[in-house]
Amino acid sequence: MTELRARRDMAGLSRNKVAAALGCTPQWLAKVETFEKAPSEGLADDLDTYFQTGGLFRRLWEKHVEARKHGLIPSGFRPLIEAEKEAAEVSIYEPVLVPGLFQTEECARLVFSTGLRADKIDELVAIRMERQSILADPKFLVFLLIGEAVIRDILPVVRSEQCKKFLDLAQQPNICLQVIPAGAPVFHPTGFQILGFEGAPDVAYVEGTGGNGQMLGDVAAVRNLAVLFSVIRGQALSVTESTALIRSIMEDT
């Protein structure tokens, strides 16, 4: 963190003196100054207090956190997350995986567990849980069509809690969850989402392997997916039937 080094130099303070005042080691400060270690929230606040910088170090820490999150999220997925923040509603068709907006922390951890360090998994799970905060907005409408096989294929170690989360979210008035039963004549293999906005055209997101999805803004392409969503929805169970099926799967776990 170059700002820390600059403040020390201007004040004529050694690294040892600042470290002693903040209750940390000079070695830790050295790693922060050379970008070997990321600053913590607590360190940022302590530096603001010590140097009386009016929140400068906290703002720098917040920018670092946002940059870190941005770097962790696959480039093809970033436009969807940004669009979600502005959308009034989203229609999700998911034939393969539990959608990120609906995953429990344990389910998300399993999704991210292949080939990643534990600290990176923790960060990705935290980002996913933070993203789900939009579901608490009663004005944000969510329509989810999810395949029965997706729910049944959830690993037993997390299935019960994941089903419980489905049932809890289904109680919210802004969320409509419907299950596409096994054997329904639905053959579209790729998940997609359609996002609607107030005063702006709809856009769509089509899933891709490894986060390499694609945002679509072409009016005709988005309309075709909207029609497809309606056709698939015609094959789904009712909301009441869907929650009964999810509860049955949960109880059989």
Side-chain angles (χ1 to χ4, degrees), residues 63 65-104 107-108 111-112 123-147 149-151 165-166 169-170 172-180 184 186-236 239 242:
K63 287 183 179 179
V65 170
E66 286 304 310
R68 175 69 176 168
K69 289 180 182 178
H70 188 76
L72 286 171
I73 299 169
S75 58
F77 201 63
R78 293 171 196 161
L80 172 63
I81 293 180
E82 293 304 313
E84 282 177 348
K85 297 175 183 177
E86 305 297 328
E89 65 178 60
V90 59
S91 299
I92 305 170
Y93 164 65
E94 185 49 73
V96 179
L97 293 172
V98 176
L101 282 178
F102 287 78
Q103 290 173 2
T104 64
C107 182
V111 170
F112 292 128
E123 288 183 275
L124 287 167
V125 170
I127 291 170
R128 179 144 297 180
M129 295 302 104
E130 181 183 342
R131 177 182 163 217
Q132 294 179 4
S133 63
I134 60 175
L135 298 179
D137 182 355
K139 296 181 180 179
F140 182 68
L141 304 180
V142 183
F143 304 90
L144 171 62
L145 301 179
I146 185 168
V150 176
I151 302 172
K165 181 159 186 171
F166 279 137
L169 290 173
Q172 294 184 198
N174 61 315
I175 296 177
C176 177
L177 190 160
Q178 292 177 263
V179 176
I180 306 160
V186 176
F187 307 107
H188 192 73
T190 304
F192 62 85
Q193 303 184 26
I194 303 165
L195 297 98
F197 304 85
E198 294 181 359
D202 294 353
V203 298
Y205 174 80
V206 179
E207 292 178 355
T209 304
N212 296 307
Q214 182 180 8
M215 292 293 293
L216 303 176
D218 179 74
V219 174
V222 175
R223 186 189 304 116
N224 287 339
L225 286 176
V227 171
L228 178 59
F229 186 88
S230 296
V231 171
I232 296 172
R233 191 173 187 180
Q235 298 296 328
V239 171
S242 296

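For reference, positions follow the sequence shown, starting with 1.
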Next on the checklist: Quick check against the 3.5 Å criterion: does Gln235 have a side-chain atom that pairs as donor or acceptor with the backbone of Val186?
Outcome noted: no

Checklist entry - Any donor-acceptor pair under 3.5 Å linking the side chain of Asp202 with the backbone of Ile194? => result no

Checklist entry - Less than 4.5 Å apart, any side-chain heavy atom of Gln178 and any of Val239? => result yes

Checklist entry - Mind checking whether Phe143 and Leu145 have side chains closer than 4.5 Å, heavy atoms only? => result no

Checklist entry - How long is the gap from CD on Gln193 to CD on Glu94, to the nearest 0.5 Å? => result 8.0 Å

Item to check | Atom pair CZ/CG of Phe112 and Leu124 - distance to nearest 0.5 Å | outcome: 5.0 Å

Item to check | Minimum-distance pair of heavy atoms, taken over all atoms of Pro95 and His188 | outcome: CG-O, 4.0 Å

Next on the checklist: If you apply the rule side-chain contact (heavy atoms from CB on, under 4.5 Å), what do you find for Leu101 with Leu169, and how did you get there?
Outcome noted: CA-CA 10 Å; Leu101 282 178; Leu169 290 173; over 6 Å; no

Checklist entry - Taking all non-hydrogen atoms of both residues, which atom of Pro189 and which atom of Val96 are closest, and how far apart? => result O-CG2, 3.8 Å

Checklist entry - So which heavy atom on Val222 is nearest to which on Ala204, and how close? => result CG2-N, 3.9 Å

Checklist entry - Minimum heavy-atom separation for Ile92 to Phe229, with atom names? => result O-CE1, 3.5 Å

Next on the checklist: When you compare the side chain of Pro99 with that of Ile146, does any pair of heavy atoms fall below 4.5 Å?
Outcome noted: yes

Checklist entry - When you measure from the side chain of Tyr93 to the backbone N and O of Leu228, does any donor-acceptor pair fall under 3.5 Å? => result no

Next on the checklist: Nearest 0.5 Å, please: how far is CG in Leu135 from CD1 in Ile175?
Outcome noted: 4.5 Å

Checklist entry - With side chains defined as the heavy atoms from C-beta onward, is the minimum distance between Phe197 and Leu195 less than 4.5 Å? => result yes

Item to check | Atom of Ala108, atom of Arg128 and distance for their closest heavy-atom approach | outcome: CB-CD, 4.0 Å

Item to check | Val98 vs Phe166 side-chain heavy atoms within contact, under 4.5 Å | outcome: yes

Item to check | Min side-chain heavy-atom separation Asp137-Asn174 under 4.5 Å | outcome: no

Item to check | Cys107 side, atom SG; Lys165 side, atom NZ - distance, nearest 0.5 Å | outcome: 9.0 Å

Item to check | Residue pair Arg131, Leu80: steps toward the side-chain contact (heavy atoms from CB on, under 4.5 Å) verdict | outcome: CA-CA 11 Å; Arg131 177 182 163 217; Leu80 172 63; 4.2 Å; yes

Item to check | Close side-chain approach of Glu84 and Val90, heavy atoms under 4.5 Å | outcome: no

Checklist outcome for this item: Between Phe102 and Leu177, the two heavy atoms sitting closest are CE2-CD1, 4.3 Å

Item to check | Donor-acceptor contact below 3.5 Å, side chain Gln132 vs main chain Thr104 | outcome: no

